[in-house]
2 protein chains.
Amino acid sequence: MLKYQQIAEEMERYIEDHGLKQGSKLPVIEALMKQYGVSKSTIIKTLELLEKKGIIFQVRGSGIFVRRQNRKGYISLLSNQGFKKDLEDYVLTSKIIELEVRKPTEEVSINLNMDLNEDVYYVKRIRYINGQTLCLEESWYNKSIITYLNKEIVSESIFHYITEGLGLKVGFSDVYLQVDKLNEEEAAFLGLEKDAPKLLVESIFHLTNGQPFDFSKVTYNYQQSQFFIQANSHFF
Amino acid sequence: MLKYQQIAEEMERYIEDHGLKQGSKLPVIEALMKQYGVSKSTIIKTLELLEKKGIIFQVRGSGIFVRRQNRKGYISLLSNQGFKKDLEDYVLTSKIIELEVRKPTEEVSINLNMDLNEDVYYVKRIRYINGQTLCLEESWYNKSIITYLNKEIVSESIFHYITEGLGLKVGFSDVYLQVDKLNEEEAAFLGLEKDAPKLLVESIFHLTNGQPFDFSKVTYNYQQSQFFIQANSHFF
DNA sequence: CAGTGGTCTAGACCACGAA
DNA sequence: TCGTGGTCTAGACCACTGC
């Protein structure tokens with residue numbers, strides 16, 4: 001593990017364990033250098049990482065402060081790969097509706113950058129939170145990358161299998177959101193009435209080398225869907 | 001302007017002007033160092049910035065590549081402060097419904113970290129895109145920070161006024177999303193039927209020193225609302 | 001194993017905020 | 001004006017990719 005990752009974890013744990021609130025001041029860079037016995041650049045790298053993750057913010061000429069969003073039960077739209085971390089206190093389960101090897105549709109082939117005659121794994125499942133329907137999920141995986149899937153894997157965390165089991169590294173993802181009304185089939189699966197609101201989230205996941213391997217369409221039950229995002233200044 | 005910002009802008013313009021596609025390889029770091037006459041660290045800083053903005057991705061041992069999402073007409077949920085950049089080809093207008101100084105409600109006081117007897121500017125407006133209703137927006141500004149607003153300012157870009165006119169610096173924001181049904185009043189303002197889907201986006205904007213100055217609740221017309229987000233690997 | 005990106009160091013100097 | 005974070009440099013060494 002890299003030094004700056006190590007230090008970032010320790011600092012994150014420190015903030016968590018001491019229950020520091022938004023605005024709490026952390027030690028100055030000089031002190032952190034001494035405390036961890038590393039150079040200034042390494043501390044800065046650490047702080048950049050913590051800032052990206054939304055855990056601190058830095059004010060030039062003033063100091064380093066804790067950043068905390070205070071609402072509970074929201075799903076982060078950025079730390080994708082399942083909701084494990086956001087919804088730790090909730091019970092998440094899945095029901096598999098379909099799992100098979102297919103040829104991609106035109107839409108899928110475009111999003112996964114594949115030929116129409118290559119193979120994809122198609123997975124359709126319902127996810128439940130505390131026994132209530134959370135979402136209806138359809139995913140397509142490029143079979144030349146995700147070479148094998150079975151019911152057991154799919155009923156657990158697919159991302160865990162991809163990173164640990166297959167040893168692949170996830171690089172980045174594009175996420176698209178739309179609001180619309182449920183059609184009859186979706187309503188039936190989610191246990192809602194037709195034309196009720198839905199949030200449709202389409203995601204394309206890429207490996208670190210830029211290759212797309214997973215295209216997903218997730219339809220959320222509007223009653224269970226609260227999301228949040230932390231944005232940083234580099235966008236302004 | 002800092003060197004690494006300058007170089008980032010030049011590289012971004014180069015990618016744009018040459019219409020480089022996702023996966024196009026850019027020059028190696030060594031070459032960029034020579035080309036711009038700076039040290040390796042500065043180039044790395046440049047590339048980190050471009051990566052955060054979703055313009056490139058880097059693959060260790062391989063190279064630097066262009067990242068591009070291909071869908072048009074989506075609003076970025078991260079580069080907030082109005083949609084100017086995302087919807088360049090569209091005509092955006094506003095109608096002001098209310099503009100006045102008020103005392104905050106409890107909800108507003110919590111989100112802006114204010115006392116109940118301090119003053120806030122309250123702004124309510126409808127925004128249109130190509131003549132269609134895009135959203136209904138309610139905003140509360142801490143009056144001790146945003147000291148003055150009038151109809152003219154509010155009918156244009158409020159963020160432009162805050163950064164240029166008042167010389168304030170926006171640091172970061174927390175964004176919360178929920179899907180629900182329109183109530184009667186919202187439906188009337190947006191020209192939709194009651195109980196139609198809506199996306200409610202609540203945002204809290206902070207200055208670089210961490211002080212919240214703007215709490216906004218924006219209700220989107222579901223027919224006009226397409227959003228996107230680019231996520232990076234540090235979340236995985 | 002050559003090429004390429006990533007980490008880490010030590011230190012000079014700059015820019016901003018608060019007193 | 002001083003304390004603090006930010007930029008930039010030159011260079012050593014590490015780690016991953018792909019031929």
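Note that this is a predicted model, so its numbers are computed, not measured. Quick note on labels: first sequence line is chain A, next is B, and so on, each numbered from 1.
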Identify which nucleotide among [options] has an atom closest to any side-chain atom of [X], counting heavy atoms from C-beta outward.
X     : options              : value
B/K3  : C/dT7, D/dC8, D/dG5  : D/dC8
A/K45 : C/dG5, C/dT7, D/dT7  : C/dT7
B/S39 : D/dT9, C/dT9, C/dT7  : D/dT9
A/T42 : D/dT9, C/dA15, C/dT9 : C/dT9
A/S62 : C/dG17, D/dT9, D/dG5 : C/dG17
B/V28 : C/dT7, C/dT4, C/dA10 : C/dT4
B/Q58 : D/dG5, C/dT9, C/dG5  : C/dG5

Which atom pairs, donor and acceptor, lie under 3.5 Å between side-chain atoms of residues 16-34 of chain B and protein residues at least two apart or in another chain?
{"unit_1": "B/E16", "atom_1": "OE1", "unit_2": "B/R68", "atom_2": "NH2", "d": "2.9"}
{"unit_1": "B/H18", "atom_1": "ND1", "unit_2": "B/Y14", "atom_2": "O", "d": "2.9"}
{"unit_1": "B/Q22", "atom_1": "OE1", "unit_2": "B/R68", "atom_2": "N", "d": "2.8"}
{"unit_1": "B/S24", "atom_1": "OG", "unit_2": "B/K21", "atom_2": "N", "d": "3.1"}
{"unit_1": "B/S24", "atom_1": "OG", "unit_2": "B/K21", "atom_2": "O", "d": "2.7"}

Angle class for the B/W140/B/Y122 ring planes (parallel below 30°, perpendicular above 60°, tilted otherwise)? tilted
Derivation and outcome, salt bridge (Lys or Arg N to Asp or Glu O under 4.0 Å), residues B/E107 and B/K217: CA-CA 11 Å; B/E107 180 193 27; B/K217 290 175 142 185; 3.2 Å; yes
What's the CD-P distance between B/E48 and C/dG5, to the nearest Å?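 Distance, rounded to whole Å: 14 Å.
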So what does A/L47 touch, heavy atoms closer than 4.0 Å: a base, only the sugar-phosphate, or nothing? nothing
Given the structure, check if the side chain of B/K40 and the base of C/dG6 hold any donor-acceptor pair shorter than 3.5 Å. yes
